[in-house]
Each structure stands twice: as C-alpha cells, then as structure tokens.
Trainee: 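This structure is in structure tokens; I'll ask about it shortly.
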Amino acid sequence: GRMRHAPSDPTGDDTAQRAAALVLDAFADYNQRFGDITRRAARAFARRDWRHAAIDARARIDLYDQCIHETEARLDQLLDDRVRSRALWAAMRQAYAPMLTTLPDREFYQTWFSSLSRRRFQTRGVAPELEFVALQRESYSEGSDAAPHHAYVLDRDDDLYGCCRRVLEQAALQAPWLDRTADALRLADALQRRLDASGESLPQRIDILRAVFYRDRRAYLVGRMRCGHQRHPLVLALVHGAEGVQLDALLTDRAQISILFGYARSYFHADIDNVGAVVAFLQALLPHKPLEEIYAVLGRAKQGKTERYRRVFRHLMLNPQEQLVRAEGKRGMVMVVFTPRDLPVVFKLIRDRFASPKDSSRRQVEEKYRLVFHHDRVGRLVDAQEFRDLRFAQQQFEPSLREELLHECAESVWRDGDDLVIAHCYVEHRLRPLDVYLREASPAAARRALLDYGQAIKDLAGSAIFPGDLLTKNFGISRSGRAVFYDYDELCLLDECHFRNVPALSDEDETRPLDDVLYAAPGDVFPELFVRFVGVPAPLRQALCDVHGEIFDPAWWRTMQQRLTQEYVDVMPYPATARLR
C-alpha cells in the first residue's frame with residue numbers, strides 16, 4: 001500500500017502545505033515580474049524611450065496589488081470554502097515559515113503572506129498566528145560588503161584619472177558614450193578638488209554597486225570611497241542626450257545624496273538580486289535614513305510599509321508613556337493629523353465632514369493621494385503610505401485628540417475594548433510646517449526657506465502639478481532645509497487649471513469683498529492673488545517676489561502649460577553646483 005504521511009495540518013491532509021507552496025510560488029512570480037519591469041529601465045535609457053519608461057514606472061507601482069488579487073483567486077480555487085478557515089491559515093503560516101529559511105530577502109515573503117491573510121480576514125491590528133510582524137527585526141546576516149559591487153583599488157602608481165576611467169568603462173550601460181575620456185578627466189579633476197577642499201588624502205579604494213540605478217531620464221552609479229577609516233558616499237549621475245551618454249554630476253555630499261534617495265521622490269529602477277544587502281550598503285552610507293525609506297526608494301514600497309509599521313509600534317511598545325498628540329501647525333479642514341511626540345512620522349485621517357469652503361468628498365481626497373502615489377514627485381511631494389486597520393492603546397492618545405478622532409472621524413475610528421482601531425489613514429514623514437518654521441527661524445534661514453518654497457512651486461509646475469493651495473501651512477521644511485508639499489486635497493494636474501488675470505475693478509467694486517466681485521468657475525485660478533495669502537512679513541514677501549515673482553503671474557503659468565504639451569521640463573534632482581558640465 002501507499003506510505004502514509006503524518007498530517008501536516010490540523011485538518012488531516014496536506015492542504016496547508018500545498019497552499020503555503022502556492023503562496024511562495026506566487027511571490028516568486030511577482031518578484032520575477034517586478035524584475036522584468038525593472039530591467040526594462042536600462043533598455044529605455046539606452047533607447048531614450050522616455051514614454052515607455054514612465055509607463056513602466058507606474059505599472060511597477062501597481063504590480064503588487066495586481067499579483068495579490070491573482071493569488072487570492074488561485075487560493076480560492078485551491079481551498080474553496082475552507083479559504084475562510086483561520087485554523088487552516090494558521091497551519092499555512094506554520095508550513096510557510098520553514099520554506100523561507102535559506103531564501104534571501106525572506107522579509108519580502110513574510111510581508112507577502114501577511115498581505116494575503118490581512119485581506120482575507122480584514123485583521124484589525126495584528127493576528128500573530130496568521131501573519132509575520134515581529135516588532136523586533138531579524139538583523140541582516142549580510143554586511144554592506146555582500147552587495148555585488150566593483151572594487152577599484154588605487155595603489156601608489158595609480159592615478160585618480162585611471163581609476164575614474166575604469167569606473168566609467170565598467171558601467172553596464174547599453175548605450176554609447178559621447179566622450180568617456182573627457183568625462184573621466186572631468187570626474188578626476190572634480191574629485192581631486194573636493195578631496196583637497198576637505199583635507200582628505202586620495203581614497204585607497206572606490207566601490208561601485210554593479211546595479212545601475214535608473215529614474216526619470218537619468219542613470220546613476222552608486223558607491224563609496226574609502227579614505228583611511230572613513231567611508232564617503234559617491235554618486236555619479238549620467239544623462240543620455242541625442243549624441244550619447246554623458247556624465248552630468250558628481251555627488252559626494254551626504255545631504256544631497258540623502259535628498260536624491262529621499263521620501264519626496266519617485267522610486268529607482270535598479271536590478272538587484274539580494275535587496276537586503278544593497279539596503280545595508282546604502283544604510284551604511286546614509287545612517288540617518290530609516291530602513292523604510294531605503295526599501296521604498298528601491299521600489300519595495302510594501303516592505304517599506306512593514307518597516308515603518310515595525311518602527312512606529314516598536315517605539316510605542318518600548319515607550320508606554322509616549323503620547324500621541326496633534327501635529328504642529330494649523331488645524332486642517334479636511335484631515336486630522338496626529339504624531340507620536342518623539343518619532344518623526346504623522347498619521348493623517350480624513351474627516352467625516354469638511355469645514356467650509358472645502359466641498360470635496362472622501363473619495364476625491366483619496367483620488368488625490370492616488371495621483372501623487374503614481375506621479376513623479378520631483379523631490380517636492382512627500383511619500384504617503386496608506387494603512388488600514390491599525391490598533392492603538394486608547395491611553396496613548398492625548399484625551400482631547402482622542403475625542404476629536406471619535407467624533408470627527410467616526411467613519412474610520414472606533415473604540416474596541418481598551419484600544420482605538422483606525423480603519424484608514426495615511427502615514428508620512430513628519431516635517432516642520434513652513435508657517436511655524438518661518439516664525440521661529442533666523443531671518444537668513446527664513447529667507448532661504450521661503451525662497452525654496454518658491455522653487456518648490458516651480459518644480460511642481462515643471463512636473464505638471466499645481467498644488468492648489470499655496471499657503472505656507474501646506475508645505476513643510478525637511479531636516480536638510482528643503483520645502484516639501486504635503487497637503488494634497490486641493491492638488492491637481494496643471495492642465496485642469498484655467499489661469500486667469502484679475503479683471504480691472506471699478507471704483508465701487510474696490511470696496512466690496514473680492515468674492516462678490518470675482519466670479520470663479522471650477523478650475524479658475526488667479527495667481528495675482530496668491531501673494532496676499534503668503535502671510536509673511538513684507539521684507540520676506542519682497543524677497544520672494546524678487547526671485548520667484550513669476551509664480552504670481554498668470555502668463556507664466558499659461559506658458560508652462562504650453563511648454564508641457566511640447567517638451568519635457570527637466571526638474572534637476574541635485575543642485576547646479578553638483579554638475580560637471
């Protein structure tokens with residue numbers, strides 16, 4: 001007769017084993033498709049096929065949910081009505097865990113399983129028997145050296161130019177260079193000048209990751225220099241013009257590289273086998289950057305969410321006295337925003353009803369967030385992660401905030417025993433509101449911040465976005481002093497706007513409120529009026545008008561609309577001082 005296997009699940013057959021294998025196989029399939037899209041970036045760069053690169057960037061963002069839906073359908077087919085059995089899912093989780101022990105990036109597989117079980121059971125909070133969310137993270141077995149890279153050792157006879165030349169020659173690009181020799185000379189010269197300025201000796205070694213990083217219309221070589229015991233980041237930005245590839249910029253400044261890999265930019269396409277090792281490599285270069293941001297910037301947005309969840313709830317668990325309080329800044333008409341006092345993240349919940357004059361709906365607000373999620377964020381729009389069914393201890397909320405949430409967000413917040421369950425919210429990196437910052441900063445810092453706010457509005461216009469509200473309370477200032485927009489409920493695409501001049505007013509109109517005189521149809525925008533709403537002292541307002549006065553001119557906006565129909569507007573992801581050409 002047949003050999004009898006010990007049952008591997010409490011239901012007396014090997015269903016759990018088969019279902020766990022299906023889930024594993026489905027993740028491998030997703031990962032393969034993620035890799036296929038990612039690898040196409042190299043071809044798009046080589047062919048200067050920017051249209052397909054943009055389509056792929058959006059497709060890759062949507063791929064996770066698409067593959068989760070396909071997997072749910074396959075599980076329904078395999079398990080039939082037992083797909084709703086918690087006992088079976090608990091057995092699947094037990095069967096699944098040992099399958100991952102030898103796999104790289106097993107966190108991804110765990111997150112994948114949790115995504116499926118949370119959706120199946122609409123888990124409120126955490127169900128440890130059905131998912132993987134240990135708040136304590138397993139540390140990487142790989143150090144940062146495990147990331148596949150080219151090492152260039154500089155010995156005494158070797159000159160910097162020879163090394164730079166080898167770096168550019170080994171870059172795995174599928175496109176011809178315009179003049180590699182000239183670029184290598186330029187690079188060696190710029191590196192030497194920076195080393196001299198900082199008093200550093202020549203690096204003994206330069207390491208460059210094998211994977212080329214692609215985003216928008218640029219390619220990046222990412223690496224580090226070893227000078228004695230110091231490791232300095234090194235990023236080379238390449239552009240592909242009509243005549244060939246050229247080296248455009250050298251970034252060695254941590255703050256600039258941190259912004260390039262920041263939470264206000266869209267995701268890179270880099271073909272990486274062992275993501276954990278590359279994350280470790282990048283984290284060693286950018287020690288202030290939390291893990292969740294590095295995962296997200298590599299396109300692993302779901303893993304970024306897992307890491308952010310882990311960081312927030314571990315912090316709350318270890319600091320039971322931590323208070324969740326209202327975020328600084330003016331009260332939002334559309335959102336209630338709260339934050340743990342000692343951790344730089346904010347939770348944003350859509351109110352049930354919006355204060356007038358806001359007339360949008362919850363669905364429209366969610367649409368705006370979806371638009372931003374798919375859009376190229378050009379370093380000026382914060383990455384908002386959507387979370388469902390989070391569970392907090394009630395006593396961690398400051399009491400008046402708790403009451404506000406229960407009354408103003410009753411559609412998405414309720415009490416469950418000693419906890420509050422939040423059915424839907426957005427979680428973002430916490431920034432200092434610009435209006436608050438301008439009041440407390442030194443005059444020079446305030447001027448810098450306000451001028452960067454003007455530049456942010458121009459950058460967003462270049463990416464076809466109109467923020468809607470140009471109020472300073474809707475922008476934040478990052479740790480590196482950059483203005484970033486974070487209030488999306490009025491945001492729209494530039495081509496949906498009708499930029500109008502304010503009509504000349506008659507004498508009796510002068511005395512009436514502007515709302516009575518100006519008829520504004522939906523989509524009408526009057527840039528000349530923006531300057532009234534900036535709400536800053538006169539000298540600051542004058543500085544803004546001197547440097548960025550065109551943002552108050554409807555003709556400038558109409559010209560930008562026209563330009564965008566005819567050409568690509570390049571919003572540079574690094575300062576002009578980093579450029580070598």
Trainee: Below 4.5 Å, heavy atoms only, C-beta onward: do L460 and V571 meet side chain to side chain?
Mentor: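 Heavy-atom side-chain distance check fails, nothing below 4.5 Å.
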Trainee: Could you go through the side-chain contact (heavy atoms from CB on, under 4.5 Å) check for V346 and Y486 one step at a time?
Mentor: CA-CA 11 Å; V346 290; Y486 54 53; over 6 Å; no
Trainee: Main chain of D487, side chain of N474: is a donor-acceptor contact present, judged purely on distance under 3.5 Å?
Mentor: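 A pair under 3.5 Å: no.
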Trainee: Is there a side-chain contact between S117 and R93 in this structure, where contact means two heavy atoms from C-beta onward sitting under 4.5 Å apart?
Mentor: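 In short, these two side chains do not touch, never coming nearer than 4.5 Å.
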Trainee: Find out whether the Lys NZ or Arg CZ of R380 is both under 6.0 angstrom from the six-membered ring centre of F485 and within 45° of the ring's axis.
Mentor: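 No; the conditions do not both hold, so R380 does not lie above the ring face of F485.
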Trainee: Suppose we call two aromatic rings close when their centres sit under 6.0 Å apart. Are Y295 and F108 close by that rule?
Mentor: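 So the answer is yes for these two rings.
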Trainee: For R210, enumerate each residue passing the salt bridge (charged side-chain N to carboxylate O under 4.0 Å, His left out) test, keeping only those at least two apart in sequence or located in another chain.
Mentor: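 Expected list: none.
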Trainee: Show, in sequence, the C-alpha distance, side-chain angles and deciding distance for D489 and K348, and conclude whether the salt bridge (Lys or Arg N to Asp or Glu O under 4.0 Å) test is met.
Mentor: CA-CA 12 Å; D489 50 88; K348 300 172 76 165; over 6 Å; no
Trainee: On a heavy-atom basis, which atom in T339 and which in A327 lie closest, and how many Å separate them?
Mentor: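 That closest heavy-atom pairing would be CG2-CA, 3.9 Å.
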Trainee: How many angstroms lie between atom CZ of R308 and atom NE2 of H429, to the nearest 0.5 angstrom?
Mentor: 8.0 Å
Trainee: Where do A46 and H240 come nearest, in terms of heavy atoms and distance?
Mentor: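 For A46 versus H240, the nearest heavy atoms are O-CE1, 2.9 Å.
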Trainee: For D36 and R40, run salt bridge (Lys or Arg N to Asp or Glu O under 4.0 Å): C-alpha distance rounded to whole Å, both residues' side-chain angles, the deciding distance at 0.1 Å, then the answer.
Mentor: CA-CA 7 Å; D36 289 344; R40 291 206 291 264; over 6 Å; no
Trainee: Apply the test side-chain contact (heavy atoms from CB on, under 4.5 Å) to residues D342 and N319: give CA-CA distance (whole Å), side-chain angles for both, the deciding distance (0.1 Å), then the verdict.
Mentor: CA-CA 10 Å; D342 302 328; N319 302 285; over 6 Å; no
Trainee: Considering only heavy atoms from C-beta outward, does the side chain of R326 approach that of E404 to under 4.5 Å?
Mentor: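 Yes, their side chains come closer than 4.5 Å.
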Trainee: For the pair D352 (side chain) and E411 (backbone), establish whether a donor and an acceptor sit closer than 3.5 Å, ignoring hydrogens and angles.
Mentor: yes
Trainee: Under 3.5 Å, is there a donor-acceptor pair between the R60 and T38 side chains?
Mentor: yes
Trainee: Could you report the tightest heavy-atom contact between Y214 and A41, atom names first, then the distance?
Mentor: CB-CB, 3.8 Å
Trainee: Mind telling me whether Y369 and Y488 have parallel, tilted or perpendicular rings, with 30° and 60° as the class edges?
Mentor: tilted
Trainee: Examine distances only and state if a side-chain atom of E72 and a backbone atom of L116 form a donor-acceptor pair shorter than 3.5 Å.
Mentor: no
Trainee: Could D145 and R224 be called an ion pair, given the rule that one side-chain N must be under 4.0 Å from one carboxylate O?
Mentor: yes
Trainee: Are any of the side-chain heavy atoms of Y309 and V427 separated by less than 4.5 Å?
Mentor: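 A side-chain contact under 4.5 Å is absent here.
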Trainee: Indicate yes or no: at least one non-hydrogen side-chain atom of Y426 is less than 4.5 angstrom from one of F347.
Mentor: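 No, their side chains stay 4.5 Å or more apart.
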Trainee: Does one side chain, of Y267 or D383, offer a donor that lies under 3.5 Å from an acceptor on the other?
Mentor: yes
Trainee: In this structure, is the centre-to-centre distance between the rings of Y96 and W89 below 6.0 Å?
Mentor: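 Aromatic pair excluded; centres sit 6.0 Å or further apart.
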Trainee: Ion pair present between D376 and R217, side-chain N to carboxylate O less than 4.0 angstrom?
Mentor: no
Trainee: Could you give me the CA-CA distance, side-chain angles and deciding distance for R391 and D416, then say whether salt bridge (Lys or Arg N to Asp or Glu O under 4.0 Å) is met?
Mentor: CA-CA 9 Å; R391 180 181 286 274; D416 183 7; 3.0 Å; yes
Trainee: At their closest point, which heavy atom of D56 faces which heavy atom of I37, and how far apart are they?
Mentor: O-CG2, 3.6 Å
Trainee: Between E292 and R310, does a salt bridge (Lys or Arg N to Asp or Glu O under 4.0 Å) hold up when you go through it step by step?
Mentor: CA-CA 9 Å; E292 69 238 29; R310 198 175 263 146; over 6 Å; no
Trainee: Backbone N or O of G417 within a donor-acceptor pair of the Q394 side chain at under 3.5 Å?
Mentor: yes
Trainee: Within a 6.0 Å radius of atom CD on Q77, are there more than 12 heavy atoms belonging to other residues, nucleotides or ligands?
Mentor: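 No, the 6.0 Å shell around CD holds no more than 12 heavy atoms from other groups.
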Trainee: Using 4.0 Å as the upper bound for N to carboxylate O, is an ion pair formed by D389 and R119?
Mentor: no
Trainee: Go through V372 and V382 one step at a time and tell me if the side-chain contact (heavy atoms from CB on, under 4.5 Å) criterion holds.
Mentor: CA-CA 9 Å; V372 172; V382 78; over 6 Å; no
Trainee: So, E403 and R415, do they make that salt bridge, N to O below 4.0 Å?
Mentor: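 Yes.
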Trainee: Has R215 got a side-chain atom pairing as donor or acceptor with S266's backbone, closer than 3.5 angstrom?
Mentor: yes
Trainee: Taking the ring centre of each residue, are W112 and Y30 less than 6.0 Å apart?
Mentor: yes
Trainee: What's the shortest heavy-atom distance between R265 and L260, and which atoms?
Mentor: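 Closest approach of R265 to L260, heavy atoms only: CD-O, 3.4 Å.
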Trainee: Taking C-beta and beyond as the side chain, do W414 and R124 meet within less than 4.5 Å on heavy atoms?
Mentor: yes
Trainee: Say you draw a straight line from CG of L22 to CG of D29; how long is it, rounded to the nearest 0.5 Å?
Mentor: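 The CG atom of L22 sits 10.5 Å away from the CG atom of D29.
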Trainee: In Å, rounded to the nearest 0.5 Å, how long is the span from CD of Q94 to CD of Q17?
Mentor: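 Spacing of CD (Q94) from CD (Q17) equals 10.5 Å.
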Trainee: Do F354 and V365 have side chains that approach each other closer than 4.5 Å (heavy atoms only, starting at C-beta)?
Mentor: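 Result yes, sub-4.5 Å side-chain heavy-atom pair found.
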Trainee: Which atom pair, heavy atoms only, marks the closest approach of S114 to E131?
Mentor: OG-CB, 3.4 Å
Trainee: With a 4.5 Å cut-off on side-chain heavy atoms, are C67 and F34 touching?
Mentor: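 Contact flag for F34/C67 side chains = no.
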Trainee: Can you tell whether the side chains of R300 and E107 come within less than 4.0 Å, N to carboxylate O?
Mentor: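 E107 and R300: not salt-bridged.
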Trainee: Would you compute the distance between atom CE of M335 and atom CD of E408 and round it to the nearest 0.5 angstrom?
Mentor: 14.0 Å
Trainee: Would you mind checking if R311 and E307 are paired as a salt bridge, meaning a charged N to carboxylate O distance below 4.0 Å?
Mentor: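 The answer is no: the pair does not qualify as a salt bridge.
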Trainee: For Y220, run the side chain to side chain contact (heavy atoms under 4.5 Å, CB included) check against V212, I257, V235, L209 and tell me which one passes.
Mentor: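 So the option named by the test is V235.
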Trainee: Distance check, rounded to the nearest 0.5 Å: I350 atom CD1 versus Q364 atom CD?
Mentor: 11.0 Å
Trainee: From F27 CZ over to T71 OG1, what is the distance, rounded to the nearest 0.5 angstrom?
Mentor: 10.5 Å
Trainee: Check step by step if side-chain contact (heavy atoms from CB on, under 4.5 Å) holds for F387 and K305.
Mentor: CA-CA 8 Å; F387 278 86; K305 271 180 67 170; 3.9 Å; yes
Trainee: Under 3.5 Å, is there a donor-acceptor pair between the side chain of H375 and the main chain of S463?
Mentor: yes
Trainee: State whether E367 and R370 are salt-bridged, where the test is any N-O pair (Lys NZ or Arg NE/NH1/NH2 against Asp/Glu carboxylate O) under 4.0 Å.
Mentor: yes
Trainee: State whether the side chain of K368 and the backbone N or O of L491 hold a donor-acceptor pair below 3.5 Å, judged by distance alone.
Mentor: yes
Trainee: When you measure from the side chain of D207 to the backbone N and O of G223, does any donor-acceptor pair fall under 3.5 Å?
Mentor: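 No, the answer is negative, given that no donor and acceptor are paired below the 3.5 Å cut-off.
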